[in-house]
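Structure, as structure tokens:
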Amino acid sequence: MTSETDMTHKTLALEVNGRVVETRVPAHRTLLDALRDLGYVEVKRGCEKGDCGACAVLVDGVALDSCLTLAWTVEGCSVTTVTGLGNRTEMHPLQEAFVEHGAIQCGYCTPGLIIAAHSMLSENPSPSEADIRNGLSGNLCRCTGYTKVFDAVAKAAGAMREAGETS
Amino acid sequence: MTDTIPTGKAVTRDALRQVGRPLVRTDAVGKAVGKTMYVGDHVMQGMLHARVLRSPIASARLTRLDVSKARALDRVACVLTADDLERPLIAVDIPGQTGRARLETDQQVLVRDRVRYHGEPLALIAAETVEIAEEAMRLIEFDLEPIPGVYNPEDALQPGAPIVQGTDNVVAAQKIVKGDIEKGFREADRIIENTFQTQFVEHAFLEPEVGLGWVDENNIINLRASTQVIENFRFIADAIGVPHNRVRVRASLVGGGFGGKEDVTMECYIALLVKHTGRPIRLEFTREDSLMGHGKRHPFTMTYRTGVKADGTITALEVRLIADAGAYVFLSPYVLLYAAIAAPGPYRVDNLLIDGRAVATNNMYTSAFRGFGAAQAAVAYEQQMDEIAMELGIDRIELRRRNYLRSGDTISSNYPIESAVWTEECVDRAWAALGEPTEATGHLRIGRGVAAYQQSYGRITYLHDTSQAWVGVEIDGSVTVRSGVTDIGAGQVSALGQIAAEVLGVDLDDVAIYNSDSAVTPLAGTTTATRALYMTGNAVKVAAEALRGRLIERAAKSLGVASDGIDIADGTVFAIDDPGISMPFHELVKLSAADGIHCSELAIFRAPFSDGLDPETGEGQVHPDYVFGAHAIEVAVDVETGEVSILKSVAAHDVGRAINPTAVEGQIEGGAAQGQGFALSEEMIYEEGRLITPSFSEYLIPTSMDVPKVESIILESGTGLGPFGAKGIGEPALTPVAPAIANAVTDAIGVRVKELPITPEKIVAALHAEPT
Amino acid sequence: MLSGFELDLPDTLVGVLDLIADGRGTPAVPLAGGTSLIVDMRARRTMPNAVVWLGKIPELRGIQVTQDHVRLGPCTTVSDILNSDELAGSGVSLVRAAEAFGGQMVRNAATVAGNIACNSPASDLVPPLMALDAEVILESRSGSRTVALDRYFTGYKEDVRRTDELITGISWKRQEESSVDLFHKLARRKGDAITVVGVAVNMAVSDGTCMRARIALGAVAPTVLRAKRAESMLEGETLTPGLIEAAARQATEEASPIDDVRASATYRRHGIQVLTARLLTQAWGRLT
């Protein structure tokens with residue numbers, strides 16, 4: 001393996017959750033694989049063809065399926081995973097609402113759902129239930145039946161609007 | 001060590017402090033912030049990556065398998081074929097704790113000669129990277145000579161059919177006889193017959209099967225595996241030819257199961273590769289692997305012939321069940337038994353004949369899935385009840401009311417139900433909660449349906465089920481629970497913590513749980529069969545109560561109060577009559593430890609044990625107890641396009657006791673969505689045994705756009721055999737949903753589609769003899 | 001996993017056109033949202049040696065609405081369409097199709113040119129675009145040409161685009177006030193599902209006479225197609241329920257649906273009939 005850049009391999013500077021990490025990846029590496037190899041294992045592998053949304057991450061604030069995104073194409077962008085939104089001591093309002101409403105069961109779809117909800121709310125801060133449903137339709141969940149997820153996203157939207165108004 | 005036989009009497013306390021509260025589950029925050037490590041998130045230095053080569057056709061003879069090019073590929077560590085295996089077979093029965101005889105269910109680990117289903121593994125590959133493993137897989141050459149297969153049970157039962165299993169393809173038969181069926185039919189004013197069908201269904205858990213295996217410093221093969229059943233370590237050890245104590249399985253938090261991670265899947269392949277290479281092995285199924293690599297829900301053909309009096313009283317019921325077992329036995333005999341036992345539903349039927357068979361074909365094998373045969377039976381018995389009501393011109397709910405099984409009545413196997421049977425309450429409450437009917441407009445027709453059910457919780461009693469848990473207190477007053485229970489997403493672990501916290505008077509946050517380790521945590525049995533809370537919850541409660549007793553006895557000495565006058569709450573030990581007389585819980589633990597009092601307890605809980613059923617009549621006890629409830633649905637059907645929208649969805653279940661009401665609601669809501677998929681959109685389709693729905697683009701589980709918000713009505717009779725009178729809700733949440741939807745659709749359009757899934761196409765076809 | 005390829009990320013259109021022409025010895029395949037191409041590559045249905053990513057050229061993405069025309073940049077995403085206020089007034093059927101398209105992440109990535117270039121008969125965006133008489137602009141190093149979308153597809157997975165050409169725009173004439181464009185799709189579930197039947201209708205009415213009728217059908221033939229004989233039954237006519245039924249029946253005859261895992265040909269024909277009649281009725285109702 002050479003250290004130079006060619007058209008099949010290069011060293012990328014990826015900005016993930018506000019930190020720049022360097023990683024040498026081949027051109028055909030998906031962002032999903034690249035992130036997991038770097039230890040961002042909160043990005044989940046569910047189907048690798050854009051059917052399930054478990055691997056969703058924010059790229060410049062917009063949710064994408066990382067399984068359908070080539071790692072090279074996000075160089076220079078800001079990538080955010082669910083761990084970049086908050087942590088155990090300071091949760092993001094979406095994370096807090098998912099916890100409080102019991103919207104999490106096995107939790108495997110949760111990172112993707114929260115990312116999709118985040119992306120939807122940045123486009124539409126006051127979503128109707130129909131908007132929430134449409135925003136999450138690319139995220140399959142097999143445990144919850146979505147009822148508590150809708151409640152959690154609506155609650156978080158309110159909290160985020162309030163926080164936005166007061167700050 | 002405490003050793004308790006259940007009494008069947010519910011223990012209720014006047015003031016529960018932790019149990020019954022909608023507490024935030026102990027696993028919620030870690031999952032929300034993305035810090036929970038699932039099996040697939042663990043890696044090891046020097047690990048190899050594995051892949052499984054699968055047969056592209058369903059029925060064939062393997063005439064050539066040449067792995068030489070794959071083995072020769074750089075950085076390929078190991079390629080295994082059947083010729084490399086010391087033991088060619090692995091058992092696929094329910095893993096027992098008690099040494100009870102198991103069924104003859106062995107399956108070949110890798111194909112040696114004959115392929116019986118599409119996807120049957122031909123070879124295992126381990127390489128330095130996934131890419132190399134996949135490249136090696138493509139270098140394996142093989143010739144498969146197709147041989148005639150059989151792709152539905154009816155054909156498989158014909159004389160001269162290709163034989164897939166045994167001598168006649170019948171892998172299980174179950175008969176239940178009660179009363180006098182002929183007499184019952186003679187007494188009937190009407191006899192109503194219908195045949196209902198269900199389809200192959202996929203569990204579609206979001207986390208595909210994944211495992212990591214290695215050999216540890218004591219020469220033990222360790223596996224972290226995404227499984228519902230760490231007890232499979234025994235079958236894995238047998239299959240790789242080592243003693244049972246040389247395989248250790250851990251599962252921890254699993255990304256969904258629903259029965260699909262009950263059988264051994266990737267674990268045996270990993271163990272074999274670990275044994276052959278001596279290196280850590282990681283095997284993660286792709287979604288395509290997952291859809292081909294574990295058993296499906298059994299399709300059933302269910303013919304119901306019911307004798308009824310003009311007033312709706314059922315006088316006789318004859319049921320014929322045919323289940324497609326697919327290419328291997330797996331849990332088919334048990335699934336068939338559950339279907340047969342549940343066949344009459346929550347109705348009293350004195351004259352009964354149930355005759356079921358599970359039949360081998362060259363389709364994908366079928367095994368455990370939430371509801372386990374009883375869910376398929378519900379699809380038939382509740383549609384049949386609506387058909388009877390329509391034929392007789394009796395209100396659907398009134399007809400049910402005239403036939404409900406009541407507490408003390410005997411179920412199909414002539415065994416009495418002792419716990420509360422609140423079917424009537426549940427049906428009435430769910431139905432009423434639908435409220436005012438939605439108005440029909442344009443091409444839409446509105447319909448409503450209800451379904452009640454009877455669903456067991458706990459394992460088959462003649463399997464002699466047990467569960468163990470260990471509870472201890474640390475000298476700072478924190479509490480530790482150790483139990484082998486695996487959490488597959490429903491909050492199994494958190495519920496145990498809540499029970500320990502309740503008994504020991506601490507908060508849920510004060511409890512730490514070590515779980516799901518077949519070598520270190522006391523074995524709790526499987527997380528299947530709606531048994532985790534019932535069995536392990538009881539074990540935790542028994543252990544915690546014994547420990548509490550010892551600690552309170554010590555407190556009595558210090559506080560100068562009789563031990564029956566002492567309680568523990570919020571970390572304080574106090575006199576009930578004078579709460580001023582108290583001491584901190586952690587002080588009590590310190591005193592107890594200083595006195596050499598045993599500050600932990602290992603308990604075993606035994607379910608009721610029974611012998612097998614009468615082989616002629618099927619009479620006897622099968623399950624510890626049953627859950628009863630109902631689901632009510634309102635739909636809108638577009639009579640031109642056949643599209644169905646679910647407008648309202650209400651569940652009412654008597655769960656005995658809701659340990660955590662939020663978790664109970666979660667199960668109910670999830671069951672409603674899964675039941676909706678079963679009813680309307682999900683179908684694994686096999687053409688000549690070949691899967692033609694290999695991904696989530698073709699296999700359609702409900703999305704956020706498809707499901708209604710679900711209203712849950714949780715009733716608590718307090719009469720269950722579980723801790724604090726709990727029954728269970730894992731499987732019951734699903735069971736009534738599909739028939740309720742089927743009944744609602746029929747109510748809307750006036751004709752019945754008797755074959756699930758009820759697709760727009762089938763609705764259109766049913767409405768027009770020939771679509772325009 | 002994907003197998004290896006060369007990847008270029010040029011930041012000019014000329015750079016892209018060079019690469020797809022002969023590139024570095026092998027013509028490169030253009031990649032935009034990846035929601036179709038990456039899936040096909042992973043399944044090894046296509047295995048290009050060289051790929052060129054279009055996402056570094058901002059001018060390829062965007063919606064321009066002038067007095068007479070609407071023009072979409074090729075890399076305009078389905079979400080861009082869905083969130084566009086301008087399109088809500090001059091391409092409602094396209095917005096409806098965007099709404100029914102995949103899930104959010106797929107909509108955020110998938111592009112309008114990609115949805116055309118992937119050549120899927122079940123494409124959601126193509127029926128409304130075809131009913132709007134949209135044109136596709138193809139550019140190569142040797143120049144550019146404009147092809148009516150209606151004549152773009154030549155057969156199953158076949159089209160008029162040469163491998164050295166890139167779709168650089170999609171445009172259509174803004175619709176007059178007295179016109180309506182509608183889209184509806186049938187699928188096996190409501191969220192994120194491949195279309196079983198998609199129908200787009202575009203109609204203009206003047207003085208109680210149907211002046212223009214367009215009916216485009218998705219997922220019922222080797223390509224998305226227009227039911228031109230059905231359209232001509234309507235143009236110049238005052239629509240009646242009987243005429244609408246007859247035109248819808250004619251539309252079913254112009255399709256050539258197949259049985260597949262999602263639906264039978266019979267149901268698809270039925271779906272064309274129902275949706276076409278429904279959309280024509282709605283359109284006529286709104287315009288008269």
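A note on names: the letters A, B, ... follow the listed sequences, proteins ahead of strands, and every chain is numbered from 1. As a basis for the values below, the full set of heavy atoms in this structure was taken, side chains included, without hydrogen atoms, waters or symmetry mates.
C/N115 places no side-chain N or O within 3.5 Å of a backbone atom of C/V112 that could act as its donor or acceptor partner. Without hydrogens or angle criteria, A/S119 side chain to A/A63 main chain gives a donor-acceptor distance under 3.5 Å. A side-chain donor-acceptor contact under 3.5 Å links A/N87 to the backbone of A/T89. Between the side chain of A/D65 and the main chain of A/C67, no donor-acceptor pair closer than 3.5 Å is present. The main-chain N or O of C/F101 is found under 3.5 Å from a side-chain atom of C/R107 such that the two form a donor-acceptor pair. Without hydrogens or angle criteria, C/W53 side chain to C/A32 main chain gives a donor-acceptor distance under 3.5 Å. Judged purely by atom type and a 3.5 angstrom limit, C/R268 has no side-chain atom pairing as donor or acceptor with the backbone of C/V220.
Looking at C/M41, neither its backbone nor its side chain comes within 4.5 Å of chain A, counting heavy atoms on both sides. With a 4.5 Å cut-off on non-hydrogen atoms, A/L70 touches chain C through its side chain but not through its backbone. Neither the backbone nor the side chain of C/K190 comes within contact range of chain A; no heavy atom of the residue lies under 4.5 Å from a heavy atom of that chain. When heavy atoms are compared at a cutoff of 4.5 Å, A/D51 approaches chain C solely by way of its backbone atoms N, CA, C and O. At a 4.5 Å heavy-atom cutoff, A/T69 makes no contact with chain C through either its backbone or its side chain. If you measure heavy-atom distances from A/E75 to chain C, the contacts under 4.5 Å come from the backbone alone. Looking at C/S3, the atoms closer than 4.5 Å to chain A (heavy atoms on both sides) all sit in the backbone: N, CA, C or O. Heavy-atom distances place no part of A/C52 under 4.5 Å from chain C, backbone and side chain included.
Interface residues of residues 139-157 of chain A toward chain C, defined by a heavy-atom distance below 4.5 Å and sorted by number: A/N139, A/L140.
Checked against ring pair (Phe, Tyr, Trp, His ring centres under 6.0 Å), A/H118 has the following partners two or more places apart in sequence or in another chain: A/H92.
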Go through it in stages, so that I can follow the logic: the residues are A/E15 and A/R19, the test is salt bridge (Lys or Arg N to Asp or Glu O under 4.0 Å), and I'd like the CA-CA distance, side-chain angles, deciding distance and then a yes or no. CA-CA 5 Å; A/E15 189 198 317; A/R19 287 180 53 191; over 6 Å; no
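Taking all atoms of both residues into account, the shortest heavy-atom contact from C/V196 to C/A187 is CG2-CA, 3.9 Å.
Side-chain contact check for C/D40 versus C/I38: every heavy-atom pair is 4.5 Å or farther apart. Taking the side chain as every heavy atom from C-beta outward, C/N202 and C/S93 never approach each other to under 4.5 Å.
Each of C/D8, C/L2, C/T35 has some count of heavy-atom pairs under 4.5 Å with chain A, and the biggest count is that of C/L2. Most heavy-atom pairs under 4.5 Å with chain C, from the set A/G76, A/P26, A/G50, A/A116: that is A/A116. Chain A forms more heavy-atom pairs under 4.5 Å with one residue of C/M1, C/R42, C/M105 than with any other, namely C/M105. Of the listed residues C/N108, C/V39, C/D192, C/V51, the one with more heavy-atom pairs under 4.5 angstrom with chain A than any other is C/N108. Taking chain A as the reference chain and counting heavy-atom pairs below 4.5 Å, the highest number among C/L31, C/L82, C/L37, C/L9 is found for C/L9.
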